[in-house]
Amino acid sequence: MLPEPTARLRFRPMRRSDLDDMTAVLSAFDPVRPGEGRRTRDDAVRWIEWQERNYAEHDFGLWVVEKHDGTFVGDCGLTVQDVEGVPHVEVGYHVLPELRRQGHATEAARSVRDCAAANGVEHLVALIRPENTPSQGVARNLGMVLERTAHVHGAEAFVFGMRLGQS
Ligand SMILES: CC(C)(COP(=O)(O)OP(=O)(O)OC[C@H]1O[C@@H](n2cnc3c(N)ncnc32)[C@H](O)[C@@H]1OP(=O)(O)O)[C@@H](O)C(=O)NCCC(=O)NCCS
């Protein structure tokens, strides 16, 4: 499965040769989490390996998002997340700092949401830390609403979600 291209963006599977770009996007300073440890190149290696397992197991994962000229933008896609013991399909997104606030995450995530709907996902969530207002903005742009809070990966998270109809 692969989301449809959009006006500015296209998707492709993440591969080992994306390590430099994925390190850049994952280790970037995050203004909403200024005190938190930054992810490393080794984390990016594990991130790419995780997507390879996701593609094999689910036929989805986080895909590389790039402009039509091949410029790397970030990643966006679907993963299965455990929310207090129950698996949920989550939409996730990461954009290079210099390309943020231009609608890239929203544009990519809308195509991922439509791809999920077309492939039978009935309920899509985004697990977002309360301080991460940019990510909440993307979730709202997708039509998600705050459904509840949950304990995820050792911290309190907002569970944004929406029902998806089969297209
Ligand atoms: C979250 C992230 C992917 C958003 O990417 P983006 O391409 O800048 O998002 P968009 O331009 O589509 O913005 C969508 C909405 O988010 C909100 N938003 C984005 N950046 C914001 C900011 N710095 N402050 C407040 N709201 C913001 C706005 O509501 C915006 O809509 P608007 O442009 O109409 O005002 C990006 O900030 C990022 O990579 N953050 C680090 C990784 C991350 O936190 N991922 C999500 C994990 S849950």
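Numbering of ligands and ligand atoms starts at 1, following listing order.
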Q: Can you tell me if Gln136 contacts ligand 1 (heavy atom of the residue under 4.0 Å from the ligand)?
A: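 It does not; every heavy atom stays at 4.0 Å or beyond.
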Q: Quick one: which of Ala139, Pro134, Gly137 has a heavy atom closest to atom 18 (N) of ligand 1?
A: Pro134
Q: Please verify the inter-ring angle class for Trp63 with Tyr55; under 30° counts as parallel, over 60° as perpendicular, anything in between as tilted.
A: parallel
Q: Taking distance alone, with no angle check, do Ala105 and ligand 1 share an N/O pair under 3.5 Å?
A: yes
Q: I'd like to know whether ligand 1 has Leu96 as a neighbour, heavy-atom separation below 4.0 Å.
A: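 False for this residue.
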Q: Can you tell me which portion of Arg33 lies within the under-4.0 Å heavy-atom range of ligand 1? Options are side chain, backbone, both, or neither.
A: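 It is the side chain that gets close, since no backbone atom is under 4.0 Å.
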Q: Is the side chain of Asp18 donor-acceptor paired with the backbone N or O of Arg15 at a distance under 3.5 Å, no angle test?
A: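 Side chain of Asp18 to backbone of Arg15: a pair is present.
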Q: Side chain or backbone, does Ser135 bring an N or O within less than 3.5 Å of an N or O on ligand 1?
A: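 No; every N/O pair is 3.5 Å or more apart.
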Q: Heavy-atom contacts with Val138 under 4.0 Å: which atoms of ligand 1 show up? List them by number with element.
A: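 Reading through ligand 1 atom by atom, the close ones are 4 (C), 9 (O), 14 (C), 15 (C), 16 (O).
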Q: What I want to find out is whether Arg163 reaches Glu122 closely enough, with some N-O distance under 4.0 Å, to be called a salt bridge.
A: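 Answer for the salt bridge query: no.
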Q: Which ligand 1 atoms, with their elements, are less than 4.0 angstrom from a heavy-atom of Gln102?
A: 11 (O)
Q: Parallel under 30°, tilted from 30 to 60°, perpendicular over 60°: which one fits the rings of His58 and Phe60?
A: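 Rings of His58 and Phe60: parallel, under 30°.
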Q: Quick test of your reading of the structure: of Glu107, Arg101, Glu90, whose heavy atom lies closest to atom 22 (C) of ligand 1?
A: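 That would be Arg101.
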Q: Classify the contact between Leu127 and ligand 1 as side chain, backbone, both or neither, using a heavy-atom distance cut-off of under 4.0 Å.
A: backbone
Q: Tell me the nearest of Tyr93, Phe160, Phe29, Phe158 to atom 46 (C) of ligand 1, using heavy-atom distances.
A: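 Nearest option to atom 46 (C) of ligand 1, by heavy atoms: Tyr93.
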Q: Taking only heavy atoms of Gly103, which atoms of ligand 1 are found under 4.0 Å from at least one of them?
A: 10 (P), 11 (O), 12 (O)
Q: Relative to the heavy atoms of Asp30, which atoms of ligand 1 are at a distance of less than 4.0 Å?
A: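 Checking each atom against Asp30, I get 41 (C).
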Q: Kindly say whether Val73 contributes a backbone atom to a donor-acceptor pair with the side chain of His104 at under 3.5 angstrom?
A: no
Q: Check this for me: Gln102, atom CD, are more than 12 non-hydrogen atoms of other residues, nucleotides or ligands nearer than 6.0 Å?
A: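 Correct, the count exceeds 12.
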Q: Is ligand 1 under 4.0 Å from a heavy atom in the side chain of Asn141, in the backbone, in both, or in neither?
A: side chain
Q: Between Tyr93 (side chain only) and Gly74 (backbone N and O only), is there a donor and an acceptor less than 3.5 Å apart?
A: no
Q: Tell me, yes or no, whether the heavy-atom count around Glu98 atom CD, taken from other residues, nucleotides or ligands under 6.0 Å, exceeds 12.
A: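 Counting other residues, nucleotides and ligands, CD of Glu98 exceeds 12 neighbours.
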Q: Which residue is it: Leu127, Ile128, Val32? I am looking for the one with a side chain to side chain contact (heavy atoms under 4.5 Å, CB included) to Ser135.
A: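 Among Leu127, Ile128, Val32, the one that satisfies the side chain to side chain contact (heavy atoms under 4.5 Å, CB included) with Ser135 is Ile128.
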